[in-house]
Amino acid sequence: MEPVFVREGSAGFPEDLSESESEGERGRVPSASTATEIIDEIRAGHTHIEISKSLDTGFFPVQNAFRAEPILRERFALALKLPRIFRYQRTRPFLFLGLIPWLMLFELDREMAADDVGNASSRMYLDVFLLLTCASDLVRPVPRHPRITAIVFLSAAARFCYLLARSCMIGAHPLIIAAPFVGLAAAIATAVVSPTREQIANDISNELGVTAEPPPKKELPRLSLSGA
């Protein structure tokens, strides 16, 4: 199991370190641990800690660490064996079927690019980029961008619908006809089954018994009529 670095939070230390600087700094020296050990520590009531994925990155209080850092969210979600993650992992192999329509589109664009047809080469490179984007998220045990993956699957279905409508389905192979249904089914399944960042962060906070801090609200600038 990959390590998680932990240190004491800043809440318990005085702001003026002139007298107790050495003591405070010793208490905040980070140490390597595991997600399971930190979970036991938090459940024991030691919640004034900060965690990080490595010593080279910033430390986050446990109240907002799982919303801010995807690697920490993944490690703690797997350590806690969240039911939402368990359901996703059972369904994940079927979600890979959503890549098949894009593989078919890539082959179509490759053949058209070989014949110097229009902008087929540009579409072929776009196919590769979208394939890698979706595949890289599906291979993760905890998804990071499920909504984007669902949109990409849906776009493949839309493009096949356009191609079939343009040719009025004359001479269309059965696989071409089935492709938009596969893409649509994969998009719906991905959107329904895949947990979002907020859902995973809330589940982890509930399991640990800590109150997750809500994301900061962005206030829009107020218009003033004084200069009108």
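Just so it is clear, the structure is predicted and the values come from calculations on it, not from any experiment.
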Worksheet item: Are L80 and V210 joined in one hydrophobic group, where the rule is that I, L, V, M, F, W and Y side chains link up if heavy atoms are under 4.5 Å apart?
Response: yes
Practice prompt. Establish whether V139 and W102 are linked, either directly or via other cluster members, by ILVMFWY side-chain heavy-atom contacts under 4.5 Å.
Written response: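 They do share one cluster, since a chain of ILVMFWY contacts under 4.5 Å joins V139 to W102.
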Would you find a donor on one side and an acceptor on the other, under 3.5 Å apart, between the side chain of [X] and the backbone of [Y]?
| X | Y | value |
| --- | --- | --- |
| S205 | N202 | no |
| D137 | R144 | yes |
| S194 | A191 | no |
| T149 | C134 | no |
| R75 | P3 | yes |

Worksheet item: Do I51 and F66 come within less than 4.5 Å of each other through their side chains, counting heavy atoms only?
Response: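 A side-chain contact exists here, since the closest heavy-atom pair is under 4.5 Å.
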Fill in: Contacts of F160 that satisfy ring-ring contact (aromatic ring centres under 6.0 Å, His included) - sequence neighbours left out
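Partners of F160 by the ring-ring contact (aromatic ring centres under 6.0 Å, His included) criterion come out as none, since no residue qualifies.
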Taking everything shown except [X] itself, do over 12 heavy atoms lie less than 6.0 Å from its [atom1]?
| X | atom1 | value |
| --- | --- | --- |
| D40 | CG | yes |
| Y125 | OH | no |
| R147 | CZ | no |

Worksheet item: Could you give all pairs that pass the salt bridge (Lys or Arg N to Asp or Glu O under 4.0 Å) test and reach residues 79-101, with sequence neighbours left out?
Response: R84-D203
Discussion item. My understanding is that only one of F76, F59, F60 makes a side-chain contact (heavy atoms from CB on, under 4.5 Å) with E69; could you say which?
Written reply: F60
Donor-acceptor contacts, no H, no angles, side chain residues 168-185, under 3.5 Å, sequence neighbours left out:
residue	atom	partner	partner atom	Å
H173	ND1	L175	N	3.0

